[in-house]
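Take a look at the structure below.
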2 protein chains.
Amino acid sequence: MAKIKLLYVEDELALANIVKDVLEDRGYEVLLISDGAKVIPALDWFQPEICILDIMLPNIDGYALGQELTKRIPDTPIIFLSAKNLPADVIKGFKNGGSDYMRKPFSIEELLVRIENQLGIKKAAPPAEKQKNEIRFGAYTFYPNKLLLSYKQEERRLTYREAELLSFFANHKNGIIEKKDLLLKVWGDDNLYNARNLDVYIARARELFSQDPKVEIITLRGLGYRFNVE
Amino acid sequence: MAKIKLLYVEDELALANIVKDVLEDRGYEVLLISDGAKVIPALDWFQPEICILDIMLPNIDGYALGQELTKRIPDTPIIFLSAKNLPADVIKGFKNGGSDYMRKPFSIEELLVRIENQLGIKKAAPPAEKQKNEIRFGAYTFYPNKLLLSYKQEERRLTYREAELLSFFANHKNGIIEKKDLLLKVWGDDNLYNARNLDVYIARARELFSQDPKVEIITLRGLGYRFNVE
DNA sequence: GCTCTATAAGGTTAAAAAAGGTTAATAGAA
DNA sequence: TTCTATTAACCTTTTTTAACCTTATAGAGC
């Protein structure tokens, strides 16, 4: 079975490395980032299933990061971890996208159990379109390996780029998609020509999903898109 | 709207009554039980949507109770509340059906937020939707993820910047909004040109809300705005 | 203390510029 | 060929910039 991908943002490296070791020992694939500014760019290639965030980070504040993550990967649970112990801080954590909040110092065993708890909650509802070969978008079904999109009885063959685009959407549904990330992932390079190219594919994707108004690609001018389903 | 039914099991009555009052004040329908043995029989007629359990109870142990509740009402979240502070106790709480665990003494505000968090996870159970999709501004409803603002039957598509501005307002309603914070959040940079730009968007926002006089954007000259609702 | 005036902040509207949408034509691979 | 990807052309919408107008506020002079 594939390992669960866990993003861990912490700047105290002495602590972080111990925790990381334990987590890896328990079978998680851990990405440890100590600089808050590097988190967002990492989302694309790492695609975490759960995030552990320290709050007091250099450069960026953990709360802001939580908010940003909630926008981009809305179904992924976030556990805040902080020496800020006041109830007001905890509340702020929940308001900024947190699914749980642990005070420092904490017990690693307790952290492990809280992680499992969050994952358990998520498991019950079944998103996680990681390596699936069947993905539902509203009334459509997308078969990434077969390059096929079906709607009711109709089947439609997709081209390679169309399928790549839809796969990217599948991994970012109901979240913010930056144009440059999309270009990098699907075209491997974000230059001006490819940007226009993407516009053409977006038009095509909109046409593909035109039967079901619940599936919509919303433009975030100057930034990218939102792919909304349901 | 029907009140949310909350089962609260606690034997320290002095504490319990204070908490109960606050919960009722926040709109919950609270059933307080101080004798653990009476919990199971009450399930049938009360049918709670969330349970708060103290662990050290006379007659029956809170963990056992948690286990029993999990069997009988498996989708109902349980928050343990206990003076037993060791990580091992917390872990035991999660293993016995807990969805969260708070150490005593606790802040009531924090409890309220954790309750909401649990309900939020459950409410939108299939696809766990953490972020708000619907925000009310007086007679208007704002759908930040759909970039939509509705008033009575009318729906109005918003542009990305308009939606960002309204999201910022949503997070600061009835409070002071500093121009520079707003610029930083919505434009990512506060320089003089963007400042004029913001003026244009404020005019547009005022136009958007012109149907309901209860929603108003008040200028705080030299500082920013107040976004008043209600 | 008043009143007047200068000035800067902000309101409003329109025009310019940039981003993106759409469709068709062209180029390139299979 | 034939199918796919890219480029181009033209159009629409959004955002930015500019111009001009209104209003609040501080200070000068009374």
Side-chain angles (χ1 to χ4, degrees), chain A residues 144 146-149 155-169 176-210 213 215-228, chain B residues 144 146-149 155-169 176-210 213 215-228:
Chain A
K146 294 183 175 160
L147 281 70
L148 221 63
L149 183 72
E155 283 199 339
R156 172 139 183 199
R157 278 220 96 66
L158 300 173
T159 71
Y160 168 66
R161 288 240 199 273
E162 287 167 349
E164 286 290 298
L165 182 70
L166 264 49
S167 293
F168 195 92
F169 283 166
I176 291 175
I177 294 167
E178 280 195 37
K179 212 162 179 167
K180 67 168 169 37
D181 295 336
L182 191 49
L183 282 166
L184 233 54
K185 187 79 176 184
V186 180
W187 276 268
D189 175 23
D190 74 322
N191 60 46
L192 212 68
Y193 287 115
N194 282 339
R196 296 307 275 121
N197 214 316
L198 171 58
D199 294 334
V200 174
Y201 276 81
I202 291 289
R204 214 168 288 169
R206 285 186 170 131
E207 200 273 315
L208 286 174
F209 290 117
S210 57
V215 182
E216 51 180 358
I217 300 168
I218 291 173
T219 305
L220 309 176
R221 179 175 266 243
L223 183 68
Y225 299 92
R226 271 189 79 96
F227 180 68
N228 281 346
Chain B
K146 296 191 151 113
L147 281 70
L148 223 62
L149 184 72
E155 281 199 339
R156 172 141 184 198
R157 277 217 106 68
L158 300 173
T159 72
Y160 171 57
R161 288 240 198 273
E162 287 167 349
E164 286 289 297
L165 183 70
L166 263 51
S167 293
F168 195 93
F169 283 165
I176 291 172
I177 293 168
E178 281 194 40
K179 216 162 177 169
K180 67 168 170 38
D181 295 336
L182 190 49
L183 281 166
L184 230 55
K185 186 76 182 182
V186 180
W187 276 267
D189 175 22
D190 74 322
N191 59 45
L192 211 68
Y193 288 116
N194 282 340
R196 297 306 277 124
N197 214 315
L198 171 57
D199 294 334
V200 174
Y201 276 81
I202 291 290
R204 213 168 289 171
R206 285 185 169 131
E207 199 272 316
L208 285 174
F209 290 117
S210 56
V215 182
E216 50 180 359
I217 300 168
I218 292 171
T219 305
L220 307 175
R221 178 174 269 248
L223 183 67
Y225 299 91
R226 269 188 78 96
F227 179 69
N228 283 345

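Note on naming: letters A, B, ... go to the chains in the order of the sequence lines (proteins, then strands), and numbering restarts at 1 for each one. All values reported here derive from a predicted model rather than from experimental measurement.
With rounding to whole Å, Ile217(A) atom CD1 is found 10 Å from dT22(C) atom P. dT16(D) atom P lies 14 Å from atom CG of Asp190(B), rounded to whole Å. The nearest whole Å value for the distance from the CZ atom in Arg156(B) to the C1' atom in dT14(D) is 12 Å. The distance between atom CZ of Arg157(B) and atom P of dG21(C), rounded to the nearest whole Å, is 12 Å. Per the geometry, CG belonging to Leu183(A) stands 14 Å off C1' belonging to dA5(D), to the nearest Å. Glu162(B) has its CD atom 12 Å from the P atom of dT16(D), to the nearest Å. Distance, Asn191(B) CG to dT16(D) C1': 11 Å, rounded to whole Å. Rounding to whole angstrom units, NZ of residue Lys180(B) and P of dA9(C) are separated by 16 Å.
Using a 30° and 60° split on the angle between ring planes, Phe209(A) and Phe227(A) fall in the tilted class, from 30° to 60°.
Considering only side-chain N and O atoms, Lys179(B) lies under 4.0 angstrom from the phosphate OP1 or OP2 of dG10(C). At dT4(D), none of the side-chain N or O atoms of Tyr160(A) fall inside 4.0 Å of OP1 or OP2 (strictly under the cut-off). Close to dT16(D), at under 4.0 Å from its OP1 or OP2, lies a side-chain N or O of Trp187(B). For dG21(C), one of the phosphate oxygens OP1 or OP2 lies less than 4.0 angstrom from a side-chain nitrogen or oxygen of Tyr225(A). Not one side-chain nitrogen or oxygen of Asn197(A) sits closer than 4.0 Å to the OP1 or OP2 atom of dA5(D).
Screening Trp187(B), Phe169(B), Tyr160(B), Phe168(B) for a ring-ring contact (aromatic ring centres under 6.0 Å, His included) with Tyr201(B), the sole residue that qualifies is Trp187(B).
Between the side chain of Arg161(A) and the backbone N or O of Val186(A), at least one donor-acceptor pair lies under 3.5 Å. Proximity of a side-chain donor or acceptor of Asn191(B) to a complementary backbone N or O of Asn194(B) within less than 3.5 Å is detected.
Candidate nucleotides dT12(C), dT7(D), dG21(C) were compared by shortest atom distance to the side chain of Thr219(A), and dG21(C) ranks first. Ranking dA5(D), dT14(D), dG20(C) by closeness to the Thr159(B) side chain, first place goes to dT14(D). Distance from the side chain of Val200(A) is smallest to dT7(D) among dT7(D), dT15(D), dG20(C).
Across all strands, Arg196(B) comes closer than 4.0 Å to base atoms (heavy-atom distances). The residue Arg204(B) sits close to a base: some heavy atom pair falls under 4.0 Å. Here Tyr193(A) lies in heavy-atom contact (under 4.0 Å) with sugar-phosphate atoms only.
Using a 4.5 Å heavy-atom cutoff, the side chains of Leu158(A) and Glu164(A) are not in contact.
The base of dT15(D) lies outside donor-acceptor range of the side chain of Arg221(A), with no N or O pair under 3.5 Å.
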